[in-house]
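Residue numbers count from 1 along this sequence.
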Amino acid sequence: GMRNDYEARTIIENGLTDIFVQMKRFDVVERSQIQSILQEKQFSQSGIVDETNAASAGQVLGVDYLILGALTEITTAKSGTDKYRAKVSAILKVVSTSNAAVIATVSGTEYSHGSFGGEANLDLSIYVPKAAKKLVGLEFKNKLWTLFPLEGYIISLSGSEEGMIDLGQDQGITKGDRFAIIRQGASIRHPVTGA
């Protein structure tokens with residue numbers, strides 16, 4: 001609903017789709033597919049504004065999570081006689097469709113600085129999209145990779161920092177990626193419940 005936000009919103013939507021596809025851990029449902037499925041099931045997408053409605057729609061769609069997002073701020077401001085700054089802020093909510101729980105929120109803000117040759121260039125057409133691309137490429141990508149980590153098993157170790165794991169290019173792994181190693185410890189029992 002923010003003024004002139006169409007291009008920034010589209011950049012963020014497309015960028016997020018690209019991130020989830022690159023992660024190779026999800027089947028991503030496009031917005032156009034969502035609309036056609038919901039229309040076929042006679043479920044109004046206009047009602048998907050809160051977690052409960054999102055969960056209901058997600059169950060109709062047969063998905064585990066829905067990502068709800070909003071652009072919270074799009075501004076440009078002069079910073080000197082021939083420079084200005086664009087700012088784009090957004091928040092995402094990851095909603096489980098099984099119980100409508102918000103399992104995570106991801107928010108971020110990015111800026112883009114530039115020069116202008118007159119007041120006409122102070123509109124949102126150039127530097128807001130640049131800030132939106134930075135927001136997706138830097139903030140959201142790192143946060144989403146942390147939120148949905150890739151897990152695998154060590155097959156062999158050869159030294160302190162080299163080894164072989166059961167993951168590869170099919171899972172989005174590239175040469176130079178680093179991983180945390182977690183070893184399973186002994187079982188711990190609660191003294192009262194025994195859990």
Side-chain angles (χ1 to χ4, degrees), residues 1-41 43-74 86-112 124-152 167-177:
M2 301 187 71
R3 63 189 181 97
N4 301 328
D5 71 342
Y6 178 77
E7 190 172 3
R9 187 179 70 233
T10 302
I11 288 167
I12 291 173
E13 286 176 2
N14 291 339
L16 290 172
T17 299
D18 190 46
I19 288 169
F20 281 111
V21 169
Q22 285 177 24
M23 291 171 84
K24 297 186 179 183
R25 297 193 277 291
F26 303 96
D27 293 323
V28 180
V29 181
E30 282 283 347
R31 178 180 286 270
S32 59
Q33 291 175 303
I34 292 172
Q35 289 172 336
S36 64
I37 291 169
L38 291 179
Q39 285 173 356
E40 184 178 312
K41 299 285 186 182
F43 189 100
S44 171
Q45 190 181 11
S46 63
I48 304 178
V49 291
D50 64 23
E51 294 78 26
T52 305
N53 291 336
S56 299
Q59 290 170 358
V60 169
L61 294 166
V63 298
D64 298 320
Y65 303 103
L66 282 179
I67 308 292
L68 305 178
L71 290 169
T72 55
E73 185 175 1
I74 297 178
K87 176 181 179 182
V88 174
S89 299
I91 186 166
L92 305 175
K93 290 192 281 188
V94 182
V95 179
S96 169
T97 59
S98 63
N99 60 5
V102 177
I103 63 164
T105 59
V106 178
S107 61
T109 298
E110 278 297 336
Y111 300 90
S112 180
L124 305 177
S125 62
I126 297 172
Y127 289 97
V128 165
K130 285 185 178 184
K133 285 179 187 174
K134 285 172 65 178
L135 178 62
V136 172
L138 298 173
E139 291 269 341
F140 286 164
K141 183 174 184 177
N142 291 335
K143 289 177 180 178
L144 290 169
W145 277 88
T146 302
L147 183 60
F148 297 104
L150 186 61
E151 296 179 4
L167 303 169
Q169 289 179 337
D170 289 347
Q171 291 81 29
I173 303 300
T174 58
K175 185 175 181 176
D177 286 349

Can you name the closest pair of heavy atoms from [X] and [Y] and give their distance?
X      : Y      : result
Ile19  : Phe140 : CD1-C, 4.3 Å
Ala132 : Val88  : N-CG2, 4.1 Å
Ala8   : Val128 : CB-CG1, 3.8 Å
Ala131 : Ala86  : CB-O, 4.2 Å

### Query
Do side-chain atoms of Asp18 reach the backbone of Asn14 as a donor and acceptor pair under 3.5 angstrom?
no

### Message
Determine whether a donor-acceptor pair (N or O, by modelled atom type, separation under 3.5 Å) exists between the side chain of Gln171 and the backbone of Gly168.
### Response
yes

### Query
Counting only heavy atoms not in Lys133, do more than 12 fall under 6.0 Å of its NZ?
no

### Task
Check the surroundings of atom CD in Gln22: do more than 12 heavy atoms from other residues, nucleotides or ligands lie under 6.0 Å from it?
yes

### Task
Would you mind listing every ring-ring contact (aromatic ring centres under 6.0 Å, His included) that reaches into residues 51-70, with sequence neighbours excluded?
Tyr65-Phe148

Atom pair [atom1]/[atom2] of [X] and [Y] - distance to nearest 0.5 Å:
X      : Y      : atom1 : atom2 : value
Leu138 : Lys143 : CG    : NZ    : 11.0 Å
Leu92  : Ile12  : CG    : CD1   : 8.0 Å
Leu16  : Ile67  : CG    : CD1   : 7.5 Å
Leu61  : Thr97  : CG    : OG1   : 9.0 Å

Donor-acceptor contacts, no H, no angles, side chain residues 100-112, under 3.5 Å, sequence neighbours left out:
unit_1, atom_1, unit_2, atom_2, d
Thr109, OG1, Ser89, OG, 2.7

